[in-house]
Amino acid sequence: MFQPKYPDSPTPPPAHTHAPTDPAPVRRGLPALSADQRTVAAVLVGGVVLTALLAAVAVTAVSVAIAAVVLRSLLHEHNRR
């Protein structure tokens, strides 16, 4: 009932057929960017300035957190007495 049924005389599939293939599609590259030295310098300076600002904000946040902890401990000791 569930046995596979094979043909009486099987014919092997063809070994290889040469079929014409479509040529590969032409890849379009990215458009060329014209970046002169002034543009590169402006981007670099902007990056340095933004990095410096981020570092300043981080240092300020850490110092404010430390000051808050110190003030809290001083007030806690004052209230305990």
Side-chain angles (χ1 to χ4, degrees):
M1 179 174 171
F2 292 109
Q3 296 291 329
K5 297 184 179 183
Y6 297 109
D8 292 333
S9 61
T11 57
H16 185 68
T17 58
H18 290 283
T21 59
D22 294 334
V26 177
R27 287 191 165 196
R28 299 175 81 188
L30 295 175
L33 295 175
S34 60
D36 57 348
Q37 291 179 353
R38 289 182 184 175
T39 305
V40 173
V43 168
L44 288 177
V45 168
V48 168
V49 168
L50 289 176
T51 303
L53 287 174
L54 182 63
V57 168
V59 168
T60 304
V62 169
S63 63
V64 167
I66 291 172
V69 169
V70 169
L71 285 175
R72 181 180 173 194
S73 68
L74 287 175
L75 289 175
H76 183 68
E77 286 181 11
H78 184 270
N79 289 338
R80 201 184 323 168
R81 290 182 185 182

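Considering only residues two or more places apart in sequence or on other chains, Val64 meets the side-chain contact (heavy atoms from CB on, under 4.5 Å) condition with Thr60.
The hydrophobic cluster containing Leu44 also includes Val40, under a criterion of side-chain heavy atoms closer than 4.5 Å among ILVMFWY residues, counted directly or through chains of members. Annotation for Leu53: hydrophobic cluster partners, listed by chain and number, are Val45, Val49 (ILVMFWY side-chain heavy atoms under 4.5 Å, direct or chained).
Screening residues 37-49 for side chain to side chain donor-acceptor pair (under 3.5 Å) gives Asp36-Thr39 as the qualifying pairs, with residues at least two apart or on separate chains.
When all heavy atoms are compared, the tightest approach of Thr51 to Gly47 is OG1-O, 2.7 Å.
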